[in-house]
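Only a predicted model underlies this, so the values are computations on that prediction, with no experimental measurement involved.
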There are 2 protein chains.
Amino acid sequence: MSGNRPSSRSRILAAAAALARDAGPGKLSLDAVAGRAGVSKGGLLYHFPSKAALMTGLVEDYIAEFEANLDEAVTRDDSGEALMKAYVAMSLKSLDEKQPPASWIFSAMAEDPDFLDPFNDFRRKLLQRLLAGSADRTRTLLAYLAIEGMHSLKLFGADLLSGDDRDAIDAYLLSGSTETPASPEE
Amino acid sequence: MSGNRPSSRSRILAAAAALARDAGPGKLSLDAVAGRAGVSKGGLLYHFPSKAALMTGLVEDYIAEFEANLDEAVTRDDSGEALMKAYVAMSLKSLDEKQPPASWIFSAMAEDPDFLDPFNDFRRKLLQRLLAGSADRTRTLLAYLAIEGMHSLKLFGADLLSGDDRDAIDAYLLSGSTETPASPEE
DNA sequence: TTTACTGTACCGTCTGGACGGTAATGTCAA
DNA sequence: TTGACATTACCGTCCAGACGGTACAGTAAA
């Protein structure tokens with residue numbers, strides 16, 4: 001779809017994500033995005049011919065970045081173990097950022113829940129890969145859901161976990177599933 | 001705030017929740033809610049003088065119902081065990097409903113994320129109660145987060161878990177809390 | 001008389017989007 | 001070499017409609 005990246009397109013996407021994050025998902029209007037991206041509204045609509053296209057771009061961009069990061073973390077050791085490890089590490093890192101990276105997801109839901117279909121498909125595939133390489137299916141499921149839960153809490157602005165609790169969860173998630181009890185890495 | 005319940009008020013709230021669920025959170029306009037509730041717009045604004053008041057009502061109503069259900073399930077045996085059991089049972093039951101009960105949460109987020117502050121406070125207190133009565137803190141945290149994760153997935157329309165997987169998670173959540181999941185102790 | 005509405009009319013603002021430019025760059029035939 | 005046209009990448013304006021909210025007159029029951 002996009003062989004080379006024209007700078008404006010990605011700037012618009014970044015502006016939209018930042019706007020949803022900073023001003024709230026309800027403030028994600030075309031005018032506001034255009035203004036923040038330093039582009040006229042006409043210019044925005046040139047790159048994204050409708051608001052729906054903008055939302056789709058946001059979703060696809062998010063998935064692409066997620067996949068790229070995951071691939072980078074896994075490099076070539078695509079055993080289930082390595083994938084899970086990379087996923088957990090990535091997720092915990094993203095949880096440590098001050099602001100949730102995907103606040104635009106609320107705008108997408110309000111606009112049309114179907115916008116999230118590709119995202120949900122992606123998640124389904126990811127979970128399947130995770131489970132395929134897992135020695136303990138229930139444990140992997142549990143870990144996945146716990147991460148999902150933490151992301152959800154963060155997205156909704158609920159800061160429920162104390163540092164100690166977060167540490168306990170981290171320790172559980174980072175500990176190996178069956179094999180070598182995983183001495184502290186990194 | 002409401003000693004006795006005038007029927008219209010709760011009808012409006014129910015209509016709003018149903019509308020967000022059926023038509024999508026983006027369609028939650030005052031006109032639409034009034035129409036669905038069988039009330040004129042003036043009547044709606046009589047009960048909820050602003051849209052913000054409506055959202056607040058939605059949140060408060062949700063919390064109140066949640067608490068009532070939980071209290072009912074716990075009855076009087078308020079040991080930590082019983083509370084957790086009731087919470088798990090309630091949550092799993094709500095996950096089995098076809099439609100998520102709180103789709104309006106996206107409208108609230110889009111309108112103003114602060115609307116969820118009371119809800120998050122409530123969740124914080126609940127988690128504290130849950131943890132206070134827990135023999136295995138990490139396990140309780142994990143269970144809470146996994147439930148949160150499943151609710152989040154459902155809210156976002158992601159149907160990722162197979163029946164067997166759901167059964168495995170249910171079994172884990174419903175099993176007594178004395179045993180730690182298969183994790184290497186550190 | 002108060003409470004709890006209904007119904008209609010209206011207002012200002014915001015929003016998505018259509019549209020008509022336009023400037024720069026490239027393509028290509030005569 | 002040059003003129004004609006095409007494409008890309010925007011800008012700025014305008015508009016119809018939706019929205020939240022106000023105002024107010026009326027009504028029917030307690």
Side-chain angles (χ1 to χ4, degrees), chain A residues 1-20 22-59 103-104 106-115, chain B residues 1-17 19-20 22-59 61 103-104 106-115:
Chain A
M1 190 179 277
S2 57
N4 54 352
R5 296 235 160 176
S7 136
S8 284
R9 198 195 134 93
S10 51
R11 236 173 47 236
I12 289 168
L13 253 11
L19 201 74
D22 300 341
K27 298 291 174 59
L28 200 65
S29 68
L30 296 185
D31 273 311
V33 172
R36 178 124 181 188
V39 165
S40 73
K41 192 173 175 181
L44 195 168
L45 284 165
Y46 171 79
H47 290 283
F48 301 96
S50 68
K51 191 174 189 186
L54 214 207
M55 307 313 296
T56 302
L58 239 15
V59 174
S103 310
W104 49 262
F106 297 114
S107 316
M109 279 299 289
E111 204 78 32
D112 182 352
D114 291 346
F115 283 140
Chain B
M1 187 177 281
S2 56
N4 53 353
R5 296 232 162 178
S7 134
S8 285
R9 197 195 135 94
S10 50
R11 238 171 48 235
I12 289 168
L13 254 11
L19 201 74
D22 300 341
K27 298 292 173 57
L28 201 65
S29 68
L30 296 185
D31 277 308
V33 171
R36 177 125 182 185
V39 165
S40 71
K41 193 175 174 180
L44 196 168
L45 285 163
Y46 173 80
H47 289 284
F48 300 97
S50 68
K51 191 173 189 186
L54 215 207
M55 306 313 298
T56 303
L58 239 15
V59 175
D61 205 57
S103 309
W104 50 260
F106 297 113
S107 316
M109 278 300 288
E111 205 80 31
D112 183 352
D114 291 346
F115 283 141

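Here the nucleotide nearest the side chain of A:Ser29, chosen from D:dG20, D:dC11, C:dT15, is C:dT15. Of all nucleotides listed (D:dG20, C:dT15, C:dA18), C:dA18 comes nearest to the side chain of A:Leu45.
A straight line from CG of B:Leu44 to C1' of C:dA4 spans 14 Å, rounded to a whole angstrom. Atom CZ in B:Phe48 sits roughly 13 Å away from atom P in D:dG21 (whole-Å rounding). Distance B:Leu28 CG to D:dG20 C1': 13 Å, rounded to the nearest Å. We find that NZ of A:Lys27 is positioned 14 Å from C1' of C:dT15, with the value rounded to whole Å. Here the C1' atom of nucleotide D:dC10 and the CD1 atom of A:Ile12 are 10 Å apart, to the nearest Å.
When all heavy atoms are compared, the tightest approach of B:Leu58 to B:Ala17 is CD1-N, 4.4 Å. B:Leu19 and B:Lys27 make their closest contact through CD2-O, 3.4 Å (heavy atoms, listed as atom of the first residue, atom of the second, distance). Closest approach of B:Gly57 to B:Leu13, counting heavy atoms only: C-CD1, 4.0 Å.
Contact annotation: A:Ser8 reaches the phosphate of D:dC10 (side-chain N/O to OP1 or OP2, under 4.0 Å). Residue B:His47 places no side-chain N or O under 4.0 Å from the OP1 or OP2 atom of C:dA4. Look at A:Tyr46 and you won't find any side-chain N or O under 4.0 angstrom from OP1 or OP2 of D:dC10.
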Run the numbers on A:Phe48 and A:Arg9 for side chain to side chain contact (heavy atoms under 4.5 Å, CB included), then give the verdict. CA-CA 8 Å; A:Phe48 301 96; A:Arg9 198 195 134 93; 3.6 Å; yes
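Between the base of D:dG21 and the side chain of B:Lys41 there is a donor-acceptor pair shorter than 3.5 Å.
Near-neighbour residues of DNA chain D inside residues 30-38 of chain B, defined by a heavy atom below 4.0 Å, number-ordered: B:Leu30.
The nearest heavy atom of DNA chain C to A:Gly26 and to A:Pro49 marks one nucleotide each, and the one closer to the 5' end goes with A:Gly26.
Panel note: side chain B:Ser103, backbone B:Pro25; no donor-acceptor pair is recorded below 3.5 Å.
Atom OG of B:Ser29 sits about 8.0 Å away from atom NZ of B:Lys41, to the nearest 0.5 Å.
B:Asp112 meets the salt bridge (charged side-chain N to carboxylate O under 4.0 Å, His left out) test with no other residue; sequence neighbours excluded.
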